[in-house]
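In what follows, every chain begins at residue 1, and chains take the letters A, B, ... in the order their sequences are listed.
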There are 2 protein chains.
Amino acid sequence: MKARRTNSREKILAAAADVARETGPGSLSLDAVASRAGVSKGGLLYNFPTKAKLMQALVEDYLSAFQQALEAARTNGVSGESPLAAYIRLSAEHAEESKPSATWIFSAIAEDPDFLTPIKSFRRQVFERLKQETPNLKALLVCYLAIEGLRSMNLFGSDILSADERRLLISTLLEIAE
Amino acid sequence: MKARRTNSREKILAAAADVARETGPGSLSLDAVASRAGVSKGGLLYNFPTKAKLMQALVEDYLSAFQQALEAARTNGVSGESPLAAYIRLSAEHAEESKPSATWIFSAIAEDPDFLTPIKSFRRQVFERLKQETPNLKALLVCYLAIEGLRSMNLFGSDILSADERRLLISTLLEIAE
DNA sequence: CTTACTGTACCGTCTGGACGGTCTTGTCAA
DNA sequence: TTGACAAGACCGTCCAGACGGTACAGTAAG
């Protein structure tokens, strides 16, 4: 990541995420993103020569951000906390954010399902690592899947769980994880 | 559901699901569905006067099929089985099917996110009902979310769980549910 | 005569992308 | 210090193609 004079790139990525969330994943057009980012279409295409590149950047940014947060949570987390517990805690916090954060994934899938492959392989890596670090396979499976369910509900904007229920769920998962 | 001379309607719905799964959710065009269903575009629009109606039908069919299966599992299920256990078992079987079954949901979301509302309210109903029938709230939360996670992984075509792991997960959930 | 289509031709809109032009910034010789 | 100049960052316009949807004439079955 080299230093850049302009921050157009970040502005554009943020704008893309906003547009996808607000006007629906199907309406993620280059024009919409450009005007939202306060950039002309030409400028947008200068930064991301094709729509696919934009999507790709969205995915990569998302993944690397999560990875960094995960690494930080592992090292700076509560002492004596298992890696699985750290994963649960981080994911829960992430799902607690008001913005659904990743609606753009739907746009990417609609554009081309292959955009999922990097995400899938990333997930697989995380899971395999957790599997090596967690003695209790049953606990891992239940917790990992439940977190995946939480992620899914957040992604789809489902709100069938109350805040209390979410808290209870997380604390239960943390119990199971230890 | 009145008796129909023709089965074009079902053929078209199946074709739409197939197209979404095979050529990607973004390529679900009326032309593609028509040719896949072995029907002219005129014929397609005769059955579903607009693309939105097609999506709506897809959603409604999907939901009513699940509801029927759920009702059947409740009454004809293993005797002494709790409603939560029945729900787990049914969802697990459903997720076991080779075809991802519901990729078309992505098309629907891309078309108009509002197509999610009937699905969301259906899920909410199911959850509320389970909540009344299940004494152990913790168990319900963990199991329901884990199933949701399974559903999500199936939807996204993720295969990070081996068949053995899936089986272990389900049996663990069933233990928790009782 | 109605139902359930087929087939074709067509329209308006939207979108990704190409292209040429413009403004800004940094560099370097004189 | 200044002026020429090249590269980087961005603007605005245009266009071909795809898509949803309409219109309509024809037809085979019951």
Problem set entry | B/Y46 OH to C/dG7 P, straight-line distance once rounded to whole Å | 16 Å
For this session: Determine whether B/F66 and B/L90 make a side-chain contact, defined as any pair of heavy atoms from C-beta on separated by less than 4.5 Å.
Result: yes
Exercise. Which residues pass the salt bridge (charged side-chain N to carboxylate O under 4.0 Å, His left out) test with A/D112, sequence neighbours left out?
Worked result: none
For this session: Estimate the overall bend of the helix from C/dC1-D/dG30 to C/dA30-D/dT1 from the end axes over five pairs each, rounded to 10 degrees.
Result: 10°
For this session: May I ask you to list the residues of residues 14-26 of chain A, by number, that have any heavy atom positioned under 4.0 Å from an atom of DNA chain D?
Result: none
Name the pairs: protein N/O against N/O of nucleotides 16-20 of chain D, kept only if under 3.5 Å.
unit_1: D/dG20; atom_1: OP1; unit_2: B/K51; atom_2: NZ; d: 2.7
unit_1: D/dG20; atom_1: OP2; unit_2: B/L30; atom_2: N; d: 2.9
unit_1: D/dG20; atom_1: N7; unit_2: B/K41; atom_2: NZ; d: 3.4

Problem set entry | Protein-nucleotide distance (B/L45, atom CG; C/dA4, atom C1'), rounded to Å | 14 Å
For this session: In sequence, state the C-alpha distance, the side-chain angles, and the governing distance for A/L150 and A/S91, and then conclude on side chain to side chain contact (heavy atoms under 4.5 Å, CB included).
Result: CA-CA 9 Å; A/L150 202 63; A/S91 301; over 6 Å; no
Exercise. Given C/dT6, C/dC5, D/dT22, which nucleotide is nearest the side-chain atoms of B/N47?
Worked result: C/dC5
Exercise. Going by the ring pair (Phe, Tyr, Trp, His ring centres under 6.0 Å) test, which pairs reach into residues 10-42 of chain A, not counting sequence neighbours?
Worked result: none
Problem set entry | Spacing between A/R9 atom CZ and D/dG8 atom P, to the nearest angstrom | 17 Å
Seminar exercise, completed: Residue pairs meeting ring pair (Phe, Tyr, Trp, His ring centres under 6.0 Å), one or both in residues 157-178 of chain B, sequence neighbours left out, come to none
For this session: Return the set of residues passing salt bridge (charged side-chain N to carboxylate O under 4.0 Å, His left out) with A/D159 (not counting sequence neighbours), or none when no residue passes.
Result: B/R124
Problem set entry | Nucleotide C/dG16, atom C1' - distance to CZ of A/F48 in whole Å | 16 Å
For this session: Go through the structure and list residues passing side-chain contact (heavy atoms from CB on, under 4.5 Å) with A/A92, not counting sequence neighbours.
Result: A/I170
Exercise. Who pairs with B/E93 by salt bridge (charged side-chain N to carboxylate O under 4.0 Å, His left out), at least two apart in sequence or on another chain?
Worked result: none
Exercise. Under 4.0 Å between a side-chain N or O of A/S8 and OP1 or OP2 of D/dC10?
Worked result: yes
When the side chains of residues 55-65 of chain B are checked against the rest of the protein, which donor-acceptor pairs come out under 3.5 Å, sequence neighbours left out?
unit_1: B/Q56; atom_1: NE2; unit_2: B/E60; atom_2: OE2; d: 3.2
unit_1: B/S64; atom_1: OG; unit_2: B/E60; atom_2: O; d: 3.3
unit_1: B/S64; atom_1: OG; unit_2: B/D61; atom_2: O; d: 3.2

For this session: Any pair with a residue in residues 168-178 of chain A that passes side-chain hydrogen bond (donor to acceptor under 3.5 Å, both in side chains), sequence neighbours left out, goes on the list, sorted by first then second residue, please.
Result: none
Seminar exercise, completed: To the nearest angstrom, the CG-C1' distance between A/L44 and D/dT13 comes to 16 Å
Problem set entry | Pairs where residues 117-169 of chain A contributes a residue and the test ring pair (Phe, Tyr, Trp, His ring centres under 6.0 Å) is met, not counting sequence neighbours | A/Y87-A/Y144, A/F106-A/F156, A/F127-A/Y144
